[in-house]
K.L.:
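Dumping the structure here so I can ask a few things about it.
FYI, side chains are in, hydrogens and waters are out, and symmetry mates aren't considered; it's all heavy atoms of this structure.
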Amino acid sequence: MLVSVADFIGVSIASASRIVSDVSRALARLYPDFVKLQNHTQQEFYNIAGFPRVHGAIDGTHILIQSPNSNIGEEFRNRKGFFSINVQVVCNASLVFQNVVARWPGSTHDATIFNHSDLKNDCEQGVLGNRWLLGDSGYPCKPYLLTPLLNPRTPSEQRYNEAHIKTRNTIER
Ligand SMILES: *[C@@H]1O[C@H](CO)[C@@H](O)[C@H](O)[C@H]1NC(C)=O
Ligand SMILES: *[C@@H]1O[C@H](CO)[C@@H](O)[C@H](O)[C@H]1NC(C)=O
Ligand SMILES: *[C@@H]1O[C@H](CO)[C@@H](O)[C@H](O)[C@H]1NC(C)=O
């Protein structure tokens, strides 16, 4: 790429490389000004089943691919036995994707993908404010990511799980 770009604008490959790097960094610095997590979805999520302060629902989904046909191929075989990319997605209450990570082979666990995502880093930095994501029990329970209770006992716990499931259904859809 650098060879043809350098040739096209008539500079050395080294200069082209520096320019691409400088411009990329300049664009990346603008990220916080232009890329914002949406804020106004809480009410819509609340309307589903009364779950407050929900920013989004998160899950992983396996997107079928052809076998990569190499010695890394097996990494792409998921627990259901087919080759895939495990894609992490967050949606809002209108089922619109808000965040997508599509760079992990099918054998990767949802929790690992989340763990390495910029989204987790943002959450740790408090980008969600007093809001949270809803995820299934494949995710770790965090102040910014609520998961279902495994053994709900009291009526309150059961209501929590019911509201959680109904609201998280957005990402299943
Ligand atoms: C979901 O996101 C889309 C696109 O960002 C936006 O147009 C829509 O209003 C959002 N829905 C809700 C309920 O926030
Ligand atoms: C999350 O990532 C950190 C650093 O990359 C690692 O030390 C930790 O074991 C990971 N945890 C999980 C559950 O993958
Ligand atoms: C988003 O949330 C922050 C704090 O949680 C608040 O100050 C801000 O006004 C909100 N923005 C919108 C568009 O609701």
K.L.:
If you compare all heavy atoms of A16 against all heavy atoms of A6, which two are closest, and at what distance to 0.1 Å?
P.N.:
CB-CB, 3.8 Å

K.L.:
Test side chain to side chain contact (heavy atoms under 4.5 Å, CB included) on Q42 and R131; report intermediate values, then the result.
P.N.:
CA-CA 8 Å; Q42 296 172 68; R131 291 159 295 144; 3.1 Å; yes

K.L.:
Should S24 and S21 be marked as a side-chain hydrogen bond (donor to acceptor under 3.5 Å, both in side chains) after you check the CA-CA gap, both sets of side-chain angles, and the distance that decides it?
P.N.:
CA-CA 5 Å; S24 302; S21 168; over 6 Å; no

K.L.:
Can L145 be reached from L128 by stepping across I, L, V, M, F, W or Y side chains whose heavy atoms are under 4.5 Å apart?
P.N.:
yes

K.L.:
Provide the closest heavy-atom pair for Q88 versus D110 in the form atom of the first, atom of the second, distance.
P.N.:
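It is OE1-O, 4.2 Å.
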
K.L.:
With a sphere of 6.0 Å drawn around CD of Q66, does it hold more than 12 non-hydrogen atoms of other residues, nucleotides or ligands?
P.N.:
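Count not over threshold, so no.
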
K.L.:
Taking atom NE2 of H164 and atom CD of E157, what is their separation to the nearest 0.5 Å?
P.N.:
13.5 Å

K.L.:
Distance check, rounded to the nearest 0.5 Å: I58 atom CD1 versus I113 atom CD1?
P.N.:
9.5 Å

K.L.:
Shortest non-hydrogen contact from A57 to T170?
P.N.:
CB-OG1, 3.5 Å

K.L.:
Please determine whether residues I9 and L2 belong to a single hydrophobic cluster, defined as Ile, Leu, Val, Met, Phe, Trp and Tyr linked transitively by side-chain heavy-atom distances below 4.5 Å.
P.N.:
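No.
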
K.L.:
Taking atom OH of Y160 as the centre, report whether more than 12 heavy atoms of other residues, nucleotides or ligands fall under 6.0 Å from it.
P.N.:
yes

K.L.:
Looking at R53, is its backbone amide N or carbonyl O close enough to the side chain of W132 to form a donor-acceptor pair, meaning the two atoms are under 3.5 Å apart?
P.N.:
yes

K.L.:
With side chain to side chain contact (heavy atoms under 4.5 Å, CB included) as the test, would you mind laying out the steps for I171 and V90 before giving the verdict?
P.N.:
CA-CA 7 Å; I171 193 65; V90 175; 5.9 Å; no

K.L.:
Under the side-chain hydrogen bond (donor to acceptor under 3.5 Å, both in side chains) rule, what do N86 and N78 come out as? Steps first, then yes or no, please.
P.N.:
CA-CA 8 Å; N86 189 357; N78 62 43; over 6 Å; no

K.L.:
With the threshold set at 4.0 Å, does a side-chain nitrogen-carboxylate oxygen contact exist between E74 and R77?
P.N.:
yes

K.L.:
Give the C-alpha distance, both sets of side-chain angles, the deciding distance and a yes or no for side chain to side chain contact (heavy atoms under 4.5 Å, CB included) between W104 and F76.
P.N.:
CA-CA 8 Å; W104 292 86; F76 287 83; over 6 Å; no

K.L.:
Decide side chain to side chain contact (heavy atoms under 4.5 Å, CB included) for L133 and L119; before the verdict, give the C-alpha distance in whole Å, the side-chain angles of both, and the deciding distance to 0.1 Å.
P.N.:
CA-CA 11 Å; L133 301 170; L119 176 64; 4.1 Å; yes

K.L.:
Show, in sequence, the C-alpha distance, side-chain angles and deciding distance for N47 and Q43, and conclude whether the side-chain hydrogen bond (donor to acceptor under 3.5 Å, both in side chains) test is met.
P.N.:
CA-CA 6 Å; N47 292 345; Q43 186 63 42; 3.1 Å; yes

K.L.:
Where do I48 and K166 come nearest, in terms of heavy atoms and distance?
P.N.:
CG2-O, 3.7 Å

K.L.:
Which atoms form the tightest heavy-atom contact between F83 and P68, and what is the distance?
P.N.:
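Residues F83 and P68, closest heavy atoms: CD2-CD, 4.1 Å.
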
K.L.:
To the nearest 0.5 Å, what is the distance between CD (Q158) and CZ (R153)?
P.N.:
10.5 Å

K.L.:
Measure the acute angle between the ring planes of H62 and F82, then classify it against the limits of 30° and 60° as parallel, tilted or perpendicular.
P.N.:
perpendicular

K.L.:
Quick one: do I13 and M1 end up in the same hydrophobic cluster if we chain Ile, Leu, Val, Met, Phe, Trp and Tyr together by side-chain heavy atoms under 4.5 Å apart?
P.N.:
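Result: yes, single cluster for both.
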
K.L.:
Do other residues, nucleotides or ligands put more than 12 heavy atoms under 6.0 Å from D118 CG?
P.N.:
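Atom CG in D118 is not packed in, count stays at 12 or less.
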
K.L.:
I need the minimum non-hydrogen distance between T167 and A49, along with the two atoms involved.
P.N.:
OG1-CB, 4.1 Å

K.L.:
Between atom CD1 of I165 and atom CG of D136, what is the distance when rounded to the nearest 0.5 Å?
P.N.:
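Between I165 CD1 and D136 CG, I get 10.5 Å after rounding to 0.5 Å.
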
K.L.:
Would you mind reporting whether V89 and D59 have side-chain heavy atoms less than 4.5 Å apart?
P.N.:
no

K.L.:
What I'd like to find out is whether the side chain of K120 reaches to under 4.5 Å of the side chain of Y144, using heavy atoms alone.
P.N.:
yes

K.L.:
Does one hydrophobic cluster hold both L149 and V54, with members joined at side-chain heavy-atom distances below 4.5 Å?
P.N.:
yes

K.L.:
Within this structure, what is the CD1-CD1 distance for the pair I65 and I85, rounded to the nearest 0.5 Å?
P.N.:
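If I round to the nearest 0.5 Å, the distance is 4.5 Å.
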
K.L.:
Under 4.5 Å between any side-chain heavy atoms of P152 and N161, yes or no?
P.N.:
yes

K.L.:
When rounded to the nearest 0.5 angstrom, what is the spacing between CZ in F97 and SG in C91?
P.N.:
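Between atom CZ of F97 and atom SG of C91 there are 7.5 Å.
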
K.L.:
Group every Ile, Leu, Val, Met, Phe, Trp and Tyr by side-chain heavy-atom contacts under 4.5 Å, then state whether V101 and F114 land in the same group.
P.N.:
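In one cluster: no.
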
